[in-house]
Amino acid sequence: MLQSFKLFNNCNLVFSRSCSGYVSRTRYLMRLKEDDEACREALKFANVLLYHKLAPLLQKTRSGVCKVASFKTADLKQILEKVGKDKHFINESFLLGCTDKSEPQFSLEVGEVERSALEQECRGTFVDLRKAFFMITPSESALAAKGQALLRWHQTNGFCSATGQPTTRNQSGSFRVCQSSGITYYPKMSPVVIVLVSDGSRCLLARQAMFPPGMYSALSGFCDMGESVEEALHREVAEEVGLEVENLQYSGSQHWPFPQSSFMLACHATVNPNKTQVNIDKAELEDARWFTLEEITTALQNPPRNPREQPPVFWVPPSYAIANQLIREWANQQQLLRSTHRLK
Ligand SMILES: NC(=O)C1=CN([C@@H]2O[C@H](COP(=O)(O)OP(=O)(O)OC[C@H]3O[C@@H](n4cnc5c(N)ncnc54)[C@H](OP(=O)(O)O)[C@@H]3O)[C@@H](O)[C@H]2O)C=CC1
Ligand SMILES: [Mg+2]
């Protein structure tokens with residue numbers, strides 16, 4: 001059983017900021033998703049994010065900070081024409097959401113256009129999303145990730161899996177329909193559990209051979225059909241490191257765009273401090289190790305700027321990744337435990 005549930009932290013945040021604003025934005029988006037005409041109208045005055053072969057376009061601000069680039073529809077039409085693309089191509093955009101000011105946001109894949117010409121016109125650079133996570137804020141990372149995930153889903157769901165016939169999208173891109181069978185397909189995420197295991201004073205992190213050098217993360221794995229979160233967590237830890245966990249505690253959830261959109265469900269768990277010997281499944285993991293609070297604190301305080309080119313010996317996923325949230329929560333809790341201990 002999950003021991004405690006920190007329910008809907010993010011929602012509470014939004015509501016406390018402006019309840020009526022949040023509700024009206026949500027209702028507006030709901031209408032855009034369902035009403036093709038309203039969505040086409042909204043696209044005329046929207047902000048559009050650009051992707052080139054799924055890499056989002058980033059720009060540097062005057063102060064040198066990177067941000068996700070977005071263009072007003074009218075400006076983007078001009079840019080498209082300059083690089084030899086029909087301005088109506090903009091209608092291929094997918095609805096992403098809307099800003100705090102209720103300005104609709106869309107994403108558009110421009111992979112057919114020559115990359116350097118577009119980068120020059122847009123004064124930006126298309127950056128691999130995994131790299132971008134180290135360059136932009138967590139909220140921009142979430143937006144860029146959602147945009148990429150939606151584009152990828154549409155690229156890979158062009159045909160009905162029952163009839164093999166083409167599927168067609170609605171204007172917002174919130175679903176696709178097979179005209180032959182009438183089956184409606186909605187964008188999907190695969191549930192993945194992720195867990196930070198602690199023995200009371202150390203936490204267990206692991207790395208797959210495909211991770212960038214030096215990066216260790218919390219244990220994770222896809223849920224099997226028919227499994228609960230609790231079952232998946234117990235199974236994954238047993239499979240990957242041969243340990244039995246207890247005291248599961250829910251931490252939070254996150255959409256993760258890789259490999260084909262995962263829905264990350266993050267928990268903390270403990271093991272008996274007398275049973276910490278790991279037995280690694282080498283087919284899945286290259287290494288799994290127990291880390292002390294000092295090692296974790298150093299890694300959190302020194303995130304690498306360019307991990308692929310200058311990897312530190314040990315580092316953890318970027319702040320946007322929910323693995324990072326779990327690790328920070330664990331470190332804070334350990335620090336609290338130590339200071340309470342000192343006071344006694
Ligand atoms: N946001 C975050 O903080 C973190 C996110 N993650 C993400 O979690 C995801 C899962 O973690 P991981 O430990 O690799 O998972 P698993 O331990 O389940 O191992 C992955 C393997 O499971 C198989 N598999 C089973 N079901 C699926 C499915 N629905 N989609 C894809 N592969 C499946 C694949 O095998 P085969 O290739 O042989 O078919 C794949 O290689 C990854 O995409 C990873 O990016 C992981 C850690 C941190
Ligand atoms: Mg795994």
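Open room surrounds CD on E244; 12 or fewer heavy atoms of other groups in view lie less than 6.0 Å from it. Within a 6.0 Å radius of NZ in K87, no more than 12 heavy atoms belonging to other residues, nucleotides or ligands are found. Environment of CD in E246: crowded, with over 12 heavy atoms of neighbouring residues, nucleotides or ligands closer than 6.0 Å. A 6.0 Å sphere centred on CD of Q120 holds no more than 12 heavy atoms belonging to other residues, nucleotides or ligands. Within a 6.0 Å sphere centred on CD of E294, heavy atoms belonging to other residues, nucleotides or ligands number more than 12. Within a 6.0 Å radius of NZ in K275, other residues, nucleotides and ligands contribute 12 heavy atoms or fewer.
A pairwise comparison of heavy atoms in A218 and L205 identifies N-CD2, 3.9 Å as the closest pair. Counting all heavy atoms, side chain and backbone alike, C267 lies closest to L326 at O-CD2, 3.5 Å. Taking both residues in full, the closest heavy atoms of P104 and A42 are given as CG-O, 3.7 Å, listed atom of the first, atom of the second, then distance. Between G173 and N170, the shortest heavy-atom distance links the atoms N-OD1, 3.0 Å. Taking all atoms of both residues into account, the shortest heavy-atom contact from F71 to C122 is CZ-CB, 3.5 Å. Heavy-atom minimum distance, W290 versus V197: CZ3-O, 3.8 Å.
Taking CD of E240 as the reference point, atom CD of E284 lies at 5.0 Å (rounded to 0.5 Å). Taking CZ of F175 as the reference point, atom CG of N157 lies at 14.0 Å (rounded to 0.5 Å). With rounding to the nearest 0.5 angstrom, the CG atom of L300 is 8.5 Å from the CG atom of N332. Rounded to the nearest 0.5 angstrom, L49 CG and S107 OG are separated by 7.0 Å. Considering CG of L118 and OG1 of T125, their distance stands at 12.0 Å, rounded to 0.5 Å. Interatomic distance, OH of Y216 versus CG of L285, reported as 10.0 Å (0.5 Å rounding).
Listed for the S172 side chain is a donor-acceptor partner under 3.5 Å among the backbone atoms of K33. One N or O on the side chain of Q148 and one on the backbone of L54 form a donor-acceptor pair closer than 3.5 Å. Using a distance-only test at 3.5 Å, with no hydrogens or angles considered, a donor-acceptor pair links the side chain of R207 to the main chain of P212. The main-chain N or O of A69 is never found under 3.5 Å from a side-chain atom of Q59 such that the two would form a donor-acceptor pair. Between the D35 side chain and the R31 main chain, no donor and acceptor come within less than 3.5 Å of each other. Using modelled atom types, one side-chain atom of E231 and one backbone atom of S228 make a donor-acceptor pair closer than 3.5 Å. In terms of modelled atom types and a separation under 3.5 Å, the side chain of R169 and the main chain of Q171 share a donor-acceptor contact. Within the 3.5 Å criterion, the main-chain N or O of N324 finds no donor-acceptor partner in the side chain of E329. In this structure, E81 contributes its side chain and Q78 its backbone to no donor-acceptor pair below 3.5 Å. Side-chain N or O atoms of W153 include none that pairs as donor or acceptor with a backbone N or O of M189 at under 3.5 Å.
A cation-pi geometry, defined here as NZ or CZ lying under 6.0 Å from the six-membered ring centre and within 45° of its normal, holds between R130 and F258.
The cluster map of Ile, Leu, Val, Met, Phe, Trp and Tyr, joined by side-chain heavy atoms under 4.5 Å apart, puts Y28 and L96 in different clusters. Following chains of ILVMFWY side-chain contacts shorter than 4.5 Å, one can reach W330 starting from I327, so the two form part of one hydrophobic cluster. A chain of hydrophobic side-chain contacts below 4.5 Å, direct or via other Ile, Leu, Val, Met, Phe, Trp or Tyr residues, connects M264 to V316.
Screening L57, I136, L58 against V127 for a side chain to side chain contact (heavy atoms under 4.5 Å, CB included) leaves a single residue, L58. Screening L108, V68, V113 against L50 for a side chain to side chain contact (heavy atoms under 4.5 Å, CB included) leaves a single residue, L108.
Side-chain contact between M30 and R27 is present, with at least one heavy-atom pair separated by less than 4.5 Å. A heavy-atom distance below 4.5 Å is not found between the side chains of T270 and V245. Contact annotation: the side chain of Y320 approaches that of Q254 to within less than 4.5 Å [non-hydrogen atoms, C-beta and beyond]. In this structure, the side chains of H255 and S261 come closer than 4.5 Å at one or more pairs of heavy atoms. The shortest side-chain heavy-atom distance between F263 and S253 falls under the 4.5 Å cut-off. At a threshold of 4.5 Å between non-hydrogen side-chain atoms, the residues Q277 and L243 do not count as touching. Side-chain contact between F133 and P257: present, with at least one pair of heavy atoms (C-beta onward) separated by less than 4.5 Å. Contact of the T340 side chain with the R338 side chain is not registered, since no non-hydrogen atoms from C-beta on lie closer than 4.5 Å.
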*Would E114 and S116 count as a side-chain hydrogen bond (donor to acceptor under 3.5 Å, both in side chains) if you check the C-alpha gap in whole Å, the side-chain angles of each, and the deciding distance to 0.1 Å?*
CA-CA 6 Å; E114 203 214 325; S116 56; 2.7 Å; yes

*How far apart are the C-alpha atoms of R235 and E227, what are their side-chain angles, what is the distance that settles it, and do they pass the salt bridge (Lys or Arg N to Asp or Glu O under 4.0 Å) test?*
CA-CA 10 Å; R235 178 185 52 75; E227 250 181 354; 2.5 Å; yes

*For side-chain contact (heavy atoms from CB on, under 4.5 Å), just list the numbers for V110 and F89, CA-CA rounded to whole Å, side-chain angles, deciding distance to a tenth of an Å, and then say yes or no.*
CA-CA 9 Å; V110 286; F89 180 65; 3.9 Å; yes

_Verdict with supporting geometry, E112 and K85, salt bridge (Lys or Arg N to Asp or Glu O under 4.0 Å)_ = CA-CA 9 Å; E112 291 165 27; K85 196 88 188 148; 2.7 Å; yes

*Test log, rule side-chain contact (heavy atoms from CB on, under 4.5 Å), inputs T73 and V48*: CA-CA 7 Å; T73 302; V48 185; 4.1 Å; yes

*asked:* I'd like to know whether T168 forms a side-chain hydrogen bond (donor to acceptor under 3.5 Å, both in side chains) with Q179, so could you lay out the CA-CA distance, the side-chain angles of the two residues, the decisive distance to 0.1 Å, and finally the verdict.
replied: CA-CA 7 Å; T168 50; Q179 299 305 331; 2.6 Å; yes

*Hey, mind stepping through E119 and R115 against salt bridge (Lys or Arg N to Asp or Glu O under 4.0 Å) and telling me if it holds?*
CA-CA 6 Å; E119 287 181 332; R115 181 179 170 147; 3.3 Å; yes

*Are Q325 and S251 close enough, and set up right, to give a side-chain hydrogen bond (donor to acceptor under 3.5 Å, both in side chains), and what steps lead you there?*
CA-CA 9 Å; Q325 174 183 312; S251 166; 3.0 Å; yes

*asked:* I'd like to know whether F222 forms a side-chain contact (heavy atoms from CB on, under 4.5 Å) with S262, so could you lay out the CA-CA distance, the side-chain angles of the two residues, the decisive distance to 0.1 Å, and finally the verdict.
replied: CA-CA 8 Å; F222 289 95; S262 306; 3.9 Å; yes

*asked:* Set out, in order, the CA-CA distance, both residues' side-chain angles and the distance that settles side-chain contact (heavy atoms from CB on, under 4.5 Å) for E109 and E92, then state yes or no.
replied: CA-CA 8 Å; E109 169 63 56; E92 304 287 314; over 6 Å; no

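Note: H154 and F94 have parallel aromatic rings, judged against thresholds of 30 and 60 degrees for the angle between ring planes.
Taking 4.0 Å as the cut-off between side-chain N and carboxylate O, D199 and R202 count as a salt-bridged pair.
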